[in-house]
Amino acid sequence: MASFDDSKKPVAFDKSMVNNVKKNQSVVSLDAEQTQAIRNLDGPMLILASAGTGKTRTLMAKVAALLDNSVPTNEIMLVTFTNKASNEMKFRLIAMGYDIHGMWIGTFHNICNRILRENYSKISGLNSRYTIIMPDDCRKLIKLIIKGMEPEDTELKPDDAFEIISFARNAMQYDPAHKFLDNIEYSITDVIEQKFPKHQKYIKLIQKIHRKYHIMKLGNNVIDFDDMLVYALYIISTDEAVRQKYERQFEYILVDEYQDTNNVQAALIRRLRKNNTNITAVGDEAQAIYEWRAATPGHIIGFPYAFEETKIVNLTTNYRSTPQIINAAIASINHNIIRVEEKQMNATLDDGELPTVSLHRNIYDELEYIANQIYTHIQNGTTPNKIAVLARTLQMSRVGIHHVLGRQLLSYGIQYVVFGGKDLFDTKHIRDFIAFLELIYNPMNMIAWERFLGILPGIGPKSARTTILHLQNEPEKSITEIKLKGAKAKASIELLNNVLTEARTRAQQPDVSMMDFLEPFLELYTLSSLAKDDDFIVRVNELEETIQELNDMPIDEFLHEVQLKGKSKANKANVPDDHVIISTIHQAKGLEWDVVHIAGCNENILPHYRSIMEENVVAEPVEHENKDESEIMISNNPIEEERRLFYVAITRAKKVLKLTMSESTPQGDPLFPSRFLLEIYDVDPGAFKLDSDDF
DNA sequence: GGTCCACGTCTTTTT
DNA sequence: GACGTGGACC
Ligand SMILES: Nc1ncnc2c1ncn2[C@@H]1O[C@H](COP(=O)(O)OP(=O)(O)OP(=O)(O)O)[C@@H](O)[C@H]1O
């Protein structure tokens with residue numbers, strides 16, 4: 001059975017580092033407030049505290065305390081927000097000397113995917129070979145569905161439809177009294193009315209698209225990311241025996257970053273905690289930055305209503321940042337009108353230098369300045385992996401900042417890692433290879449067929465469709481019998497058939513590994529027109545490197561679960577000492593560095609222009625009556641979410657914080673300083689040092 | 001009728 | 001970088 005214990009998997013961490021550590025029960029020292037969290041191990045608890053006050057540390061200590069009290073590992077579920085965070089947790093627990101084998105540590109998606117895998121037969125239409133489709137293919141499917149509909153409907157963009165459908169499914173208030181698909185359709189209506197009013201006229205259409213999309217996924221024996229959550233909730237809500245099994249299995253459930261849970265995730269937790277109330281939630285509503293993805297900080301605010309007699313633990317001492325950095329953070333976040341209370345963060349570190357702001361001509365100059373600063377810091381003895389450059393987006397004014405900055409850093413001889421951006425497993429060449437694996441392991445997946453057939457010479461969209469129709473209608477018939485136009489197409493199909501037959505035989509053998517399929521894949525892939533691209537070799541090398549990393553993992557396991565863990569490199573618990581970090585602010589959540597640069601502190605970048613536009617579109621917050629269902633909305637103002645993002649960025653810094661902004665885009669359009677800077681200047685002109693001759 | 005190829009357009013944040 | 005489009009080519 002697949003296990004979440006990554007100790008046997010290659011991608012999670014380097015186990016050799018912890019072999020010599022002896023079990024030490026008091027590795028984590030806690031202050032008086034933090035100790036409250038482990039004094040009560042049972043019952044509902046909410047740890048609600050600001051940035052850098054030790055929430056993650058306390059959560060870790062609580063898990064350790066449970067283990068010290070002989071709670072079996074398989075009775076603990078620890079939910080983290082990212083795979084990086086779960087790898088970090090595992091790493092630290094093992095480093096403390098604990099055997100965590102059997103513990104369920106993972107993201108909601110990981111955990112739901114596992115519940116689904118153990119109960120997939122409850123979803124009629126799925127068979128055991130079902131695999132995961134990535135967002136790229138989801139969009140393709142939706143595009144196909146829209147194309148197949150009435151021409152008058154074509155104004156709706158597939159990406160918009162997908163965004164709305166995904167949001168609606170994550171925001172669904174699932175009521176088992178109604179049919180599953182009806183629940184989602186209600187949600188689509190609600191979501192469009194409240195959040196996407198521009199698409200009001202498409203409500204019926206999007207519901208129809210969703211229904212088709214749902215049926216097509218099942219027909220192809222695939223699930224998307226949202227299905228993991230939504231199906232797990234469906235199973236737990238409609239099968240009381242299964243629900244009870246999991247409720248009994250998990251004596252303790254702990255959830256980190258609770259402010260960013262969505263309705264489906266919160267409902268799942270509530271249903272798993274009906275009789276057993278051992279639930280610990282940890283978070284900070286001021287760090288809610290995923291409302292755009294249907295997360296609702298109302299769940300953390302409403303937690304004490306959802307769970308009676310919740311013990312609330314407040315942590316008020318900041319152990320991370322200098323008083324100067326904390327001052328800037330508070331001066332910013334207090335501009336959010338909709339918030340629970342004044343932030344409390346009492347500094348413990350000694351005074352440090354004032355955070356700086358500097359103005360540059362454009363983003364290229366900003367990055368040049370940052371690269372130079374980083375070089376100086378390293379010259380002065382700072383370890384590279386204690387330095388990070390954060391940005392709202394990796395793509396600014398059509399400049400890939402990780403590429404530009406990366407080049408500059410390398411010219412100083414500094415290496416770097418990138419957090420954020422497109423998932424490696426969602427890039428074209430890797431998806432092409434995965435599609436090939438799907439033809440072997442999940443041949444019902446016509447999305448994979450469509451993708452792969454299109455790569456072959458002589459085969460375009462039409463021949464691919466024809467082939468797929470034959471596969472669906474006459475699955476027993478060999479693909480070589482299909483009549484296609486052109487000798488090229490025929491030859492391609494002939495070759496594909498031979499390669500696949502051989503590959504399927506290889507797949508039956510017990511010692512098979514992913515690398516065995518690289519050569520057959522390349523035999524076909526090098527024939528495609530892609531092989532003429534300049535970077536084809538680079539792509540193939542990256543593919544080979546990726547396969548090498550994944551090679552120890554059973555292929556079906558990869559297709560079933562692991563590809564959702566994405567970017568194996570960037571998820572490693574530890575960044576090598578000699579690498580600096582380039583990251584989106586979203587990916588920086590929960591992390592900390594001595595030196596933090598924030599690039600692009602401009603209006604339209606941070607806050608992002610889409611949020612500025614949306615601000616005027618979104619409906620008023622809704623107050624629901626049944627508070628025990630935790631539906632209190634505290635904010636859906638996109639600008640406030642951007643401000644929280646800015647706050648998260650600032651509070652990542654321990655000692656040095658440097659912000660940069662530009663006068664204009666490289667194209668010459670003027671840019672203005674971020675309102676988040678100006679408003680701090682209004683209340684506290686001394687919060688930042690202006691570090692530029694140009695002021 | 002269908003595929004190939006060069007060129008122009010647009011690019012938030014993520015499990 | 002990935003996708004759509006229009007015109008050349010098989
Ligand atoms: N009692 C303590 N004594 C010393 N250092 C501590 C203590 N508690 C926390 N720290 C340190 O403070 C820093 C922040 O802790 P942690 O990451 O757990 O905070 P957090 O509340 O999860 O922050 P955020 O919400 O910003 O992610 C870490 O470096 C941690 O080691």
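What you are looking at is a predicted structure, and each value in this text was computed from that prediction instead of being measured. All chains are named by letter (A, B, ...) in the order of the sequence lines, taking the proteins before the strands, and each is independently numbered beginning at 1.
For the pair A:H109 NE2 and B:dT14 C1', the computed distance is 9 Å after rounding to whole Å. In this structure, CD of A:E641 is placed 16 Å from P of B:dT12, rounded to the nearest angstrom. The separation between A:N262 atom CG and B:dT14 atom P is 17 Å, rounded to whole Å. The distance between atom CD1 of A:I585 and atom P of B:dT13, rounded to the nearest whole Å, is 11 Å. What separates NZ of A:K488 from C1' of B:dC4 is a distance of 8 Å, to the nearest Å. Look at NE2 on A:H586: it is 9 Å from P on B:dT13, rounded to the nearest Å. Atom P of nucleotide B:dG2 and atom CG of A:L484 are separated by 11 Å, given to the nearest angstrom. Straight-line distance from the CD1 atom of A:I165 to the C1' atom of B:dT14: 18 Å, rounded to whole Å.
With A:Y130 as the aromatic partner, A:R117 meets the cation-pi criteria of under 6.0 angstrom to the ring centre and within 45 degrees of the ring axis.
Proximity of A:Q587 to the phosphate of B:dT15: a side-chain N or O atom is located under 4.0 Å from OP1 or OP2. Of the side-chain N and O atoms in A:K143, one or more sit less than 4.0 angstrom from OP1 or OP2 of C:dG4. Between B:dT12 and A:R392, no contact under 4.0 Å exists linking OP1 or OP2 to a side-chain N or O. In terms of phosphate contacts, A:T584 brings a side-chain nitrogen or oxygen within less than 4.0 Å of OP1 or OP2 of B:dT14. Residue A:S463 places at least one side-chain N or O closer than 4.0 Å to OP1 or OP2 of B:dT3.
Neither side chain, A:S662 nor A:N362, offers a donor N or O lying under 3.5 Å from an acceptor on the other. Of the N and O atoms on the side chains of A:N637 and A:E640, not one donor lies less than 3.5 Å from an acceptor on the other residue. At a cut-off of 3.5 Å, with distance as the only test, no side-chain donor of A:D256 or A:T80 sits close to an acceptor on the other residue. When only modelled atom types and interatomic distance are considered, A:Y246 and A:N119 share a side-chain donor-acceptor pair under 3.5 Å. Side-chain contact annotation: A:S611 with A:E641, donor-acceptor N/O pair under 3.5 Å absent.
With respect to A:K143 and A:D137, no salt bridge is recorded, no charged nitrogen being found less than 4.0 Å from a carboxylate O. Residues A:K589 and A:D260 are paired through a salt bridge, judged by an N-O separation under 4.0 Å between the basic side chain and the carboxylate.
Among the nucleotides B:dT14, B:dT15, B:dT13, the one closest to any side-chain atom of A:T393 is B:dT13. Looking at the side chain of A:L394, the nearest of the listed nucleotides B:dT15, B:dT12, B:dT13 is B:dT13. Proximity note for A:P135 (side chain, C-beta onward) versus B:dT14, B:dT15, B:dC5: the nearest is B:dT15. Of all nucleotides listed (B:dC5, B:dT15, B:dG2), B:dG2 comes nearest to the side chain of A:K485. Listed nucleotides: B:dT14, B:dT15, C:dC3. Nearest to the side chain of A:T107: B:dT15. The side chain of A:P461 sits closest to B:dT3 out of C:dA2, B:dT3, B:dT14.
Residue A:H608 and nucleotide B:dT12 are classified as a stacked aromatic pair, their ring centres being separated by less than 5.5 Å at an interplanar angle below 30°. With centres under 5.5 Å and a plane angle under 30°, the ring of A:W292 is stacked against the base of B:dT13.
Residues satisfying the ring pair (Phe, Tyr, Trp, His ring centres under 6.0 Å) test with A:F81, not counting sequence neighbours, are A:Y290.
Within 4.0 Å (heavy atoms only), A:I289 reaches no atom of the nucleic acid at all. At the heavy-atom level, A:G458 lies under 4.0 Å from the strands shown only through sugar-phosphate atoms. A:F108 comes within 4.0 angstrom of nothing in the nucleic acid, heavy atoms only. Among the heavy atoms of the strands, none lies under 4.0 Å from A:N604.
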* Protein-to-nucleotide contact annotation, 5' to 3' order, nucleotides 5-10 of chain C [B base; S sugar-phosphate only; - none; under 4.0 Å, heavy atom] -> ------
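If A:E642 and A:A464 are placed on DNA chain B by their nearest nucleotide, the residue sitting closer to the 5' end is A:A464.
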